[in-house]
Protein chains: 2
Amino acid sequence: MSRQSQTEVAVLGALSVEPMSGYAARRAITETLGHFWSESFGQIYPTLARLEADGLVTPDSAGRTSGSTYRLTAAGRRRLADLLREPIPSAPPRNGTLLRLFFGAHLGPEACADVVHEARDRALTSLATMKAIRFEVESDPDPNAVYWLITVSAGEHAARAQLAWAEESLAMLAGLPD
Amino acid sequence: MSRQSQTEVAVLGALSVEPMSGYAARRAITETLGHFWSESFGQIYPTLARLEADGLVTPDSAGRTSGSTYRLTAAGRRRLADLLREPIPSAPPRNGTLLRLFFGAHLGPEACADVVHEARDRALTSLATMKAIRFEVESDPDPNAVYWLITVSAGEHAARAQLAWAEESLAMLAGLPD
DNA sequence: TATGTCATGTAACTGGTTACATGATTGC
DNA sequence: GCAATCATGTAACCAGTTACATGACATA
């Protein structure tokens, strides 16, 4: 699957929940998939136009206030299911924090500790976000909530791991001579 | 810091260990930074040319067998230290596995379990790789090994977290009706 | 009437991969 | 002499962001 169709998955997925505009789709993606996915307008609008040309989404006149609302067609729903079944394209790893720490000798223990501290703070923030999302999802009677909880759980595990790693690394750095 | 200079960090970093060719730099990056960084030839050669034009690296005639070997200049070493101190550009999150699981209702529990299984296998492979790297680094008397171990530890924590999440998620999926 | 939010779209740019072309050197 | 590896480089393409231009609608 090309990278492109990953954006298609996100947009089709958003519209599978309920019909909405491109603007709303973007908001929905950043709000509910935000901790593991992102899309910009520059991707969403061209994608939406292509999906419409392919007959996968169609303008939904009902309930419009301003601008256009799109909804999935039957073909669109099939396509979403197909795309979800395709192999996951692997993104080459690029972790700026670890790149810095690997060459930490050029930085010195204190500057490295700063880098780790920042990673630790990001993990703490993430953990708080996950807690809030989990609370929301758990009080949602939607039967799909199980799937959402699985993604939340992934965020929690990753954040807790990063936290533990940061504490451990700070201890290691503290034992180093300047 | 622009994304571009992240590649500069990787290349300057590789050359800071010892002088080498672009080809060797790429191999060094995939072999020793492979679990958290990647560069392609299409990036390395233009970067190397730019670094040379900026006087940060210089051809090193000594010890050449074929092709050209580069080494850091004093300015290059300073530049590396500066770049390492710059804020880490954040990459927008894009996790294909979680994107699929979030819309898992369109897939069904079994197909979702397959997705999780793949993630679990990747984590296991990663854990084995980390074990091998840790063994190598721990038997290396280099004083910088502490920094390398910190990056290895990050990989281990992340892999173990993914493993725990996968087991937990498989259990959740198993309890779901088709 | 001014402000903020909703909304759409595009152009320029960036960072990056992939595929290809080319050739030198090494070892069997 | 042949195959593998070392080595350099570029062109085409791709996904994606950012910045900008534009304007409708609601409301204070």
Side-chain angles (χ1 to χ4, degrees), chain A residues 1-11 14-15 19-31 33-34 36-53 57 59-61 63-70 83 86 88-96 99, chain B residues 1-11 14-15 19-31 33-34 36-53 57 59-61 63-70 83 86 88-96 99:
Chain A
M1 177 159 80
S2 70
R3 278 259 204 43
Q4 173 124 289
S5 37
Q6 294 257 92
T7 294
E8 282 186 19
V9 171
V11 173
L15 293 183
M20 60 181 88
S21 68
Y23 187 85
R26 205 257 174 145
R27 189 180 41 201
I29 289 169
T30 54
E31 276 175 7
L33 316 182
F36 60 84
W37 203 260
S38 80
E39 294 291 349
S40 64
F41 286 130
Q43 284 285 100
I44 285 183
Y45 284 114
T47 298
L48 220 34
R50 193 158 19 82
L51 290 175
E52 190 186 354
V57 307
D60 184 39
S61 46
R64 119 168 28 173
T65 52
S66 80
S68 51
T69 304
Y70 291 92
L83 287 177
E86 282 188 29
I88 300 166
S90 64
R94 292 210 133 205
N95 185 323
L99 182 63
Chain B
M1 176 159 81
S2 71
R3 276 258 203 48
Q4 176 121 290
S5 36
Q6 295 257 91
T7 293
E8 282 185 19
V9 172
V11 173
L15 292 183
M20 60 181 89
S21 67
Y23 187 86
R26 206 255 175 148
R27 191 180 39 202
I29 289 169
T30 54
E31 275 175 9
L33 316 182
F36 60 83
W37 203 260
S38 80
E39 294 291 349
S40 64
F41 285 130
Q43 285 284 101
I44 286 183
Y45 285 114
T47 298
L48 219 35
R50 193 155 20 82
L51 290 175
E52 189 187 355
V57 307
D60 184 39
S61 47
R64 120 167 28 171
T65 54
S66 79
S68 49
T69 304
Y70 291 92
L83 287 176
E86 283 190 27
I88 300 166
S90 63
R94 293 209 131 206
N95 184 323
L99 182 63

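For the numbers below, each heavy atom of this structure counts, side chains included, while hydrogens, waters and symmetry mates do not. Below, read A as the first sequence line, B as the second, and so on, with proteins coming before strands; counting in each chain starts at 1.
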Open item on the list: So, does B:Y23 get its side chain near the phosphate of D:dT8, meaning an N or O under 4.0 Å from OP1 or OP2?
Closed with: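 For D:dT8, neither OP1 nor OP2 has a side-chain N or O of B:Y23 closer than 4.0 Å.
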
Task: Polar side-chain atom of B:R26 near backbone of B:S40 as donor-acceptor pair, under 3.5 Å - done: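 A pair under 3.5 Å: no.
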
TODO: Supply the atom-to-atom distance B:L33 CG to A:N95 CG, rounded to the nearest 0.5 angstrom.
DONE: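 Spacing of CG (B:L33) from CG (A:N95) equals 11.0 Å.
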
Task: Integer-rounded Å distance: D:dC20 C1' and A:Y45 OH - done: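 A:Y45 atom OH is separated from D:dC20 atom C1' by 14 Å.
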
Open item on the list: Does C:dC6 have its OP1 or OP2 closer than 4.0 Å to a side-chain nitrogen or oxygen of A:R27?
Closed with: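 Result: yes.
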
Open item on the list: Which is more 5' along DNA chain D, the nucleotide nearest B:G42 or the one nearest A:S38? Just name the residue.
Closed with: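 Closest to the 5' end, via its nearest nucleotide, is B:G42.
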
TODO: Quickly work out the A:I44 CD1 to C:dT10 P distance and round it to whole Å.
DONE: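 For the pair A:I44 CD1 and C:dT10 P, the rounded distance is 15 Å.
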
Open item on the list: Please determine whether a side-chain nitrogen or oxygen atom of B:S40 lies at a distance below 4.0 Å from atom OP1 or OP2 of C:dT18.
Closed with: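 It does not, given that no N or O in the side chain of B:S40 lies less than 4.0 Å from OP1 or OP2 of C:dT18.
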
TODO: Nearest whole angstrom, please: distance from the P of C:dA7 to the CG of A:L48.
DONE: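 It is 13 Å, rounded to the nearest whole Å.
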
TODO: Answer yes or no: does a side-chain N or O of A:S21 lie under 4.0 Å from OP1 or OP2 of C:dT8?
DONE: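 The answer is yes; a side-chain N or O of A:S21 sits under 4.0 Å from OP1 or OP2.
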
Task: Atom pair distance, as rounded to whole Å: CD in B:Q43 and P in C:dT18 - done: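 B:Q43 atom CD is separated from C:dT18 atom P by 12 Å.
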
Open item on the list: Looking at D:dT8, I'd like to know if its phosphate oxygens (OP1 or OP2) sit under 4.0 Å from a side-chain N or O belonging to B:S68.
Closed with: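 Indeed, a polar side-chain atom of B:S68 lies that close.
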
Task: Between C1' of C:dG16 and CZ of B:F41, the distance in whole Å - done: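 After rounding, the reported distance stands at 15 Å.
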
TODO: Provide the closest heavy-atom pair for A:S21 versus A:S68 in the form atom of the first, atom of the second, distance.
DONE: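 Closest heavy-atom pair between A:S21 and A:S68: CB-O, 3.3 Å.
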
Task: Separation of atom CH2 in B:W37 from atom P in C:dG15, rounded to whole Å - done: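 Nearest whole value for this atom pair: 12 Å.
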
- [ ] Let me know the distance between OH of B:Y70 and C1' of D:dA7, rounded to the nearest Å.
- [x]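 From B:Y70 OH to D:dA7 C1': 11 Å.
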
Open item on the list: Between P on D:dT18 and CZ on A:R26, what's the gap in Å once rounded to a whole number?
Closed with: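 From A:R26 CZ to D:dT18 P: 9 Å.
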
